Amino acid sequence: MEALYSSASTCSCSSSLPLCPVNFSRASLKTPRAFSFPNCIRKHTYVTTASLAIEQQSHNPKLALIKIGTRGSPLALAQAYQTKDKLIASHPHLAEEGAIQIVIIKTTGDKILSQPLADIGGKGLFTKEIDEALINGDIDIAVHSMKDVPTYLPDKTILPCNLPREDVRDAFICLTASSLAELPAGSVIGTASLRRKSQILHRYPLLKVEENFRGNVQTRLKKLNEKVVQATLLALAGLKRLNMAENVTSILSLDEMLPAVAQGAIGIACRSNDDKMADYIAKLNHEETRLAVACERAFLLTLDGSCRTPIAGYASKDADGNCIFKGLVASPDGTRVLETSRKGLYAYKEMMEIGKDAGQELLKQAGPGFFGC
């Protein structure tokens, strides 16, 4: 893999998170043609070793106590640096320079950009190589977007920690209309998500969807600016983590667009036999998020959806402290959408049953052949 980022300029930013504000106006999205990291990220140097790009501290007096594995996109790095900051806040001795190192790993999903994700197929398109590095000892912990994590974890790994969840909703971004409903017939929406595509076409069958709308957030906004498509949908969580929420035209309600399973959640994995790392990340865990994600993933596991099955699911806590779950499966063209909901105790055992039971109901409703690849 090529060395991804090698600038070593100094940083005057007050935060160590890679925040990338991009100004928005109805005339244009002011995204740079060639995205570059702000100073708070460019101060780090990354050295390539095989498929890894390893952050080098300016002095590096000793071996890192924790090596964090992550993808190299701006959003993935924002999440890795958020994890780093939380580790330092919980374990002050990790604030010493060189104690925590960021290791960038290029995944299959990052390498293949010419095809829609559904056509590439397979599990763990954005996690497999990171998990392999974890198992091989090249990194100590792995930071994942939970919606990218397969329902079955690799052997020798555990994922005991979820950071507090961000807003799970999807954002509508457009230069000419304030909502999907305002777009004229024939307008093209760019999204690589079959979940988004199916729900868009179910409500607005006269719109069109460009499936092979790939790339990081900045790349997709650049394509929108260049009028490759008329609009796009992005996870609001990612835009917030990148300080790019100002680009949002409107936010879709959960009734309009049910989110992907585990959308907005960050997961931290370690080796199953590494008690030291498990102890480090245990203090970072947000239990309400962990339980919600477990419920949603139990739903997904029960459905065992194929690479071409749109699935959405969201578990949340209501005002009375109960779990409210909503689930959905659809045909890719949006002509058939099946939904279900559940309410129960906000506790692990009960929420796992809620997810499984909701999945079993939709399996029965869908009938044979619905989930075929």
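These figures come from a predicted structure and were not determined experimentally.
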Chemist: Please check this pair: side chain of Q230 against backbone of V188, looking for a donor-acceptor N/O pair closer than 3.5 Å.
Modeler: yes
Chemist: What distance separates L63 CG from I66 CD1, expressed to the nearest 0.5 Å?
Modeler: 13.5 Å
Chemist: For E288, give me all partners under salt bridge (Lys or Arg N to Asp or Glu O under 4.0 Å), at least two apart in sequence or on another chain.
Modeler: K317
Chemist: Rounded to the nearest 0.5 Å, how far apart are CG of L284 and NE2 of H91?
Modeler: 6.5 Å
Chemist: If every non-hydrogen atom of N162 is compared with every non-hydrogen atom of N285, which pair is closest and at what distance?
Modeler: N-OD1, 3.0 Å
Chemist: Report yes if the side chains of I281 and P160 come closer than 4.5 Å at any heavy-atom pair, otherwise no.
Modeler: yes
Chemist: What is the minimum heavy-atom distance between A294 and Y348, and which atoms define it?
Modeler: CB-CE1, 4.0 Å
Chemist: Is a side-chain donor or acceptor of R220 paired with a backbone partner of T191 at a separation under 3.5 angstrom?
Modeler: no
Chemist: Is the shortest side-chain N to carboxylate O distance from K349 to E353 below 4.0 Å?
Modeler: no
Chemist: Can D170 and R195 be counted as an ion pair, charged N to O under 4.0 angstrom?
Modeler: yes
Chemist: How close do A95 and I88 get, counting heavy atoms only, and between which atoms?
Modeler: CB-CG2, 3.6 Å
Chemist: Is I141 reachable from L77 through a run of hydrophobic residues whose side-chain heavy atoms are each under 4.5 Å from the next?
Modeler: yes
Chemist: Where is the tightest heavy-atom contact between P205 and H202, given as atom of each residue plus distance?
Modeler: CD-O, 4.3 Å
Chemist: Can you tell whether the side chains of E287 and R290 come within less than 4.0 Å, N to carboxylate O?
Modeler: yes
Chemist: Are V261 and L153 connected in the hydrophobic side-chain network, where two residues link if heavy atoms are under 4.5 Å apart?
Modeler: no
Chemist: Decide, yes or no, whether a salt bridge links E256 with R203 under the criterion of side-chain N to carboxylate O below 4.0 Å.
Modeler: no
Chemist: Quick check: are there more than 12 heavy atoms from other residues, nucleotides or ligands sitting under 6.0 Å from CG of D155?
Modeler: no
Chemist: Tell me, do Y346 and N322 make a side-chain contact under 4.5 Å, heavy atoms counted?
Modeler: no
Chemist: Between Q79 and S145, is the side chain to side chain donor-acceptor pair (under 3.5 Å) condition met? List the steps.
Modeler: CA-CA 8 Å; Q79 295 175 168; S145 291; 3.1 Å; yes
Chemist: List the atom of L175, the atom of L224, and the distance in Å for their closest heavy-atom pair.
Modeler: CD1-O, 4.0 Å
Chemist: How long is the gap from OG1 on T232 to NZ on K223, to the nearest 0.5 Å?
Modeler: 9.5 Å
Chemist: Flag yes if L303 and F325 sit in one hydrophobic cluster, no otherwise; membership is Ile, Leu, Val, Met, Phe, Trp, Tyr, and two members link when side-chain heavy atoms are under 4.5 Å apart.
Modeler: yes
Chemist: So, for A292 and R165, which heavy atoms are closest and what is the spacing to 0.1 Å?
Modeler: CB-NH1, 3.9 Å
Chemist: Less than 4.0 angstrom from a charged side-chain N to a carboxylate O is my criterion; do K326 and D255 meet it?
Modeler: yes
Chemist: Is it the case that the side chain of T340 and the backbone of A358 share a donor-acceptor pair, with hydrogens and angles ignored and the cut-off at 3.5 Å?
Modeler: no
Chemist: If you define the side chain from C-beta out and look only at heavy atoms, does anything of E361 sit under 4.5 Å from R342?
Modeler: yes
Chemist: May I ask you to test the S331-S198 pair for a side-chain heavy-atom distance under 4.5 Å?
Modeler: no
Chemist: Would you say that I105 contacts I139 through its side chain, given a criterion of any heavy-atom pair below 4.5 Å between the two side chains?
Modeler: yes
Chemist: Are any of the side-chain heavy atoms of D140 and Y280 separated by less than 4.5 Å?
Modeler: no
